[in-house]
K.L.:
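First the structure, then my questions, so here it is.
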Amino acid sequence: MEHWDTIILGGGASGLAAAAVLAQSGRGERTLVLEQAERPGKKLLATGNGRCNLYHTGLSAERFSSQSTEALSQSVQALLRAKQPVFWQKLGLLTSVQEEGRVYPACQQASAVLELLRAVAERGGVALRCGQPAASVVRRGEGFLVTTAGGEAYSARQVILATGGKAAPRLGATGDGYALAGQLGHSCTELRPGLVPVRCVNPSRVLKGVRNRSKVSLYLGERLLLTRFGEVQFTEYGVSGIVIMDLSSHMEPGRSYTLVLDLLPEVAAGELTRFLREKAQAHPDQKAEFLLLGVVKRQLGEVILRASRVDGKKRRLGSLTEAELSVIVQRIKSWSLRTEGTLSWEHAQVTCGGVPLEEIDPDTFQSRLVPGLYLTGELLDAAGDCGGFNLAWAFGSGILAGRAIAAQ
């Protein structure tokens with residue numbers, strides 16, 4: 001049996017960040033990373049469309065979904081104190097703040113981030129072994145016994161569970177970490193796909209592929225849950241796009257939600273009504289389809305007129321009534337889509353649910369139940385919006401866990 005000070009289970013974002021911190025602190029030679037896949041960081045390479053959206057300058061608890069509201073706020077405050085931009089600078093990574101506060105490596109390559117983390121960890125003595133999924137973790141004396149699926153056994157004083165969640169199994173996610181946490185007495189909330197496209201009732205084939213910047217509100221019955229701004233992409237099954245995926249993380253299985261889209265959020269309803277009325281009066285002999293030409297995308301215009309019971313080919317603008325104009329404006333400003341669930345884990349970017357945050361110390365991510373055990377990243381019940389929030393959570397929790405062990 002091999003004996004180590006620290007064993008990190010998982011060679012993804014949070015595990016490699018913890019390894020880099022331990023390497024820089026002089027604790028690398030007594031640190032082992034066990035990765036279940038044949039190579040580490042596969043999911044990290046896919047983040048930000050291969051550009052690796054490291055962080056977001058607007059990091060706050062409001063940008064996460066979790067059942068542990070108060071504990072989430074405390075954990076996010078700890079992430080802010082971790083000063084991740086400084087961490088990356090000291091690691092040798094030049095970063096760039098881009099649209100809406102998203103932070104990327106200046107080279108725009110996720111592969112560079114992975115190589116940097118590996119290089120710092122390995123130069124500091126950290127051992128990385130791939131193709132070794134952990135089968136069990138049990139308490140033994142004041143330390144832990146880790147056994148792999150292949151029968152290898154290791155002991156350690158500390159263990160960091162950085163195994164990731166269930167989202168995107170094609171990138172190596174297995175969800176095995178929840179069972180490992182359970183072996184040590186931790187609980188787990190219901191798991192569901194997050195940051196995932198949404199299925200809608202009777203999606204329009206005409207709109208497949210159309211994109212439109214919108215204000216989107218999520219309703220459960222009559223109750224408004226959340227509102228987001230962003231680009232909506234219409235698909236053959238419903239809707240997608242960053243704004244939709246952000247809202248999907250707040251949708252529980254088995255419930256029917258309504259998405260209400262304002263297709264022209266920059267234009268007030270009254271202003272739009274006046275504009276369309278004046279356009280109709282100025283061009284009374286034009287076909288009704290001319291009304292929304294230059295106002296919304298052509299395909300949207302067709303669907304809106306049809307839903308408003310106005311024949312765009314046969315009717316003339318001069319024949320439109322005030323009531324019909326009102327209905328058209330209402331369709332543009334509050335177009336309702338009934339949902340029928342989300343797509344599967346294969347299409348998800350993050351796991352919603354996980355180990356409750358009340359079960360960890362928010363400053364160190366050490367277990368409150370088992371001293372010497374740390375839980376980081378997607379394994380925990382904290383799912384962030386698109387834009388760097390989930391990587392900020394993964395990297396930040398790994399950094400804090402690594403620093404806590406290095407300080408002992």
Side-chain angles (χ1 to χ4, degrees), residues 6 8 10-28 31 33 41 44 47-48 52-64 66 68 70-97 101-105 113-114 116-118 120-121 124 126 158-162 164 350 354-355 357-368 373-385 387-408:
T6 303
I8 301 171
S14 65
L16 290 177
V21 169
L22 289 168
Q24 289 177 317
S25 69
R27 300 284 290 271
T31 299
V33 178
L44 177 60
T47 59
C52 196
N53 189 179
L54 298 164
Y55 189 75
H56 197 289
T57 58
L59 188 66
S60 69
E62 288 71 28
R63 302 304 297 268
F64 289 84
S66 174
S68 307
E70 184 176 347
L72 173 66
S73 180
Q74 294 171 345
S75 296
V76 172
Q77 288 301 312
L79 296 187
L80 291 169
R81 292 193 295 273
K83 298 181 178 178
Q84 292 183 53
V86 176
F87 167 79
W88 291 115
Q89 184 178 8
K90 289 184 177 179
L91 206 69
L93 184 72
L94 185 64
T95 59
S96 171
V97 181
R102 292 182 175 89
V103 180
Y104 293 90
V113 177
L114 177 58
L116 260 176
L117 288 168
R118 286 195 63 175
V120 170
V126 174
Q158 295 97 198
V159 166
I160 299 177
L161 283 183
V350 72
V355 175
L357 298 181
E358 291 87 357
E359 297 181 8
I360 63 161
D361 182 307
D363 293 315
T364 63
F365 285 77
Q366 182 173 198
S367 166
R368 294 187 186 275
L373 175 68
Y374 297 77
L375 300 96
T376 64
E378 197 174 339
L379 187 65
L380 297 165
D381 178 20
D385 287 348
F389 297 98
N390 290 295
L391 270 187
W393 177 268
F395 286 132
S397 57
I399 290 167
L400 290 171
R403 287 175 181 171
I405 293 173
Q408 294 175 10

K.L.:
Step by step, work out the side chain to side chain contact (heavy atoms under 4.5 Å, CB included) result for I399 and Q84.
P.N.:
CA-CA 8 Å; I399 290 167; Q84 292 183 53; 4.1 Å; yes
K.L.:
Once you round to the nearest 0.5 Å, how far does CD of E378 lie from CG of L391?
P.N.:
10.0 Å
K.L.:
Compare every heavy atom of A162 with every heavy atom of S14, then report the nearest pair and how far apart it is.
P.N.:
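For S14 and A162, the tightest heavy-atom pair comes out as OG-CB, 3.3 Å.
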K.L.:
Is the shortest heavy-atom distance from the side chain of V120 to the side chain of V126 under 4.5 Å?
P.N.:
no
K.L.:
When you compare the side chain of V97 with that of V103, does any pair of heavy atoms fall below 4.5 Å?
P.N.:
yes
K.L.:
Determine whether F365 and L380 make a side-chain contact, defined as any pair of heavy atoms from C-beta on separated by less than 4.5 Å.
P.N.:
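SC-SC contact between F365 and L380 confirmed.
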K.L.:
Let me confirm one number: the CD-CD1 distance from Q74 to I360, rounded to the nearest 0.5 Å.
P.N.:
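Answer for the CD-CD1 pair, Q74 versus I360, is 10.0 Å.
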K.L.:
Take L54 and F87 through the side chain to side chain contact (heavy atoms under 4.5 Å, CB included) test and state the conclusion after the steps.
P.N.:
CA-CA 12 Å; L54 298 164; F87 167 79; over 6 Å; no
K.L.:
Could you report the tightest heavy-atom contact between G11 and V33, atom names first, then the distance?
P.N.:
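Scanning both residues completely, I find the closest heavy atoms to be CA-CG1, 4.0 Å.
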K.L.:
Return the CD1 to CG distance between I8 and L16, rounded to the nearest 0.5 Å.
P.N.:
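So the gap between those two atoms works out to 8.0 Å.
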K.L.:
Is there side-chain contact between V113 and Y104, with heavy atoms separated by less than 4.5 Å?
P.N.:
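V113 does not reach Y104 side chain to side chain.
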K.L.:
Do the side chains of S367 and L375 get nearer than 4.5 Å, heavy atoms only?
P.N.:
yes
K.L.:
Does any pair with a residue in residues 394-408 pass side-chain hydrogen bond (donor to acceptor under 3.5 Å, both in side chains), and if so which ones, sequence neighbours excluded?
P.N.:
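Matches after skipping sequence neighbours: Y374-Q408.
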K.L.:
How close do L72 and A382 get, counting heavy atoms only, and between which atoms?
P.N.:
CD1-CB, 4.1 Å
K.L.:
Could you go through S73 and E70, starting from their C-alpha distance and side-chain angles, then the distance that decides it, and tell me whether this counts as side chain to side chain contact (heavy atoms under 4.5 Å, CB included)?
P.N.:
CA-CA 5 Å; S73 180; E70 184 176 347; 5.8 Å; no
K.L.:
Determine whether T47 and N53 satisfy the following criterion, side chain to side chain contact (heavy atoms under 4.5 Å, CB included), listing intermediate values before the conclusion.
P.N.:
CA-CA 7 Å; T47 59; N53 189 179; 6.0 Å; no
K.L.:
Under the side-chain hydrogen bond (donor to acceptor under 3.5 Å, both in side chains) rule, what pairs show up with a residue in residues 15-27, not counting sequence neighbours?
P.N.:
none
K.L.:
Does any non-hydrogen side-chain atom of R81 lie less than 4.5 Å from one of D363?
P.N.:
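Yes; the side chains approach each other to less than 4.5 Å.
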K.L.:
Would you name the heavy atoms of L22 and G402 that are closest together and state the gap between them?
P.N.:
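Here L22 and G402 meet closest at CD2-O, 3.6 Å.
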K.L.:
Which heavy-atom pair separates L93 from P105 by the least distance, and what is that distance?
P.N.:
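In terms of heavy atoms, the two residues are closest at CD1-CB, 3.9 Å.
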K.L.:
Measure the spacing between CG of L114 and CG of L117 and express it to the nearest 0.5 Å.
P.N.:
7.0 Å
K.L.:
Which heavy atom of A383 sits nearest a heavy atom of N390, and at what distance?
P.N.:
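Taking A383 first and N390 second, the nearest heavy atoms are C-OD1, 3.6 Å.
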K.L.:
Please report the interatomic distance OG1(T31) to CD1(I160), rounded to the nearest 0.5 Å.
P.N.:
8.0 Å
K.L.:
Name the orientation class of the two ring planes belonging to H56 and F389 (parallel below 30°, tilted from 30 to 60°, perpendicular beyond 60°).
P.N.:
parallel
K.L.:
Does the pair W88 and F395 meet the rule for a ring pair (Phe, Tyr, Trp, His ring centres under 6.0 Å), with working shown?
P.N.:
CA-CA 10 Å; W88 291 115; F395 286 132; 4.8 Å; yes
K.L.:
Once rounded to the nearest 0.5 Å, what's the spacing between atom OG1 of T6 and atom CD of Q158?
P.N.:
4.0 Å
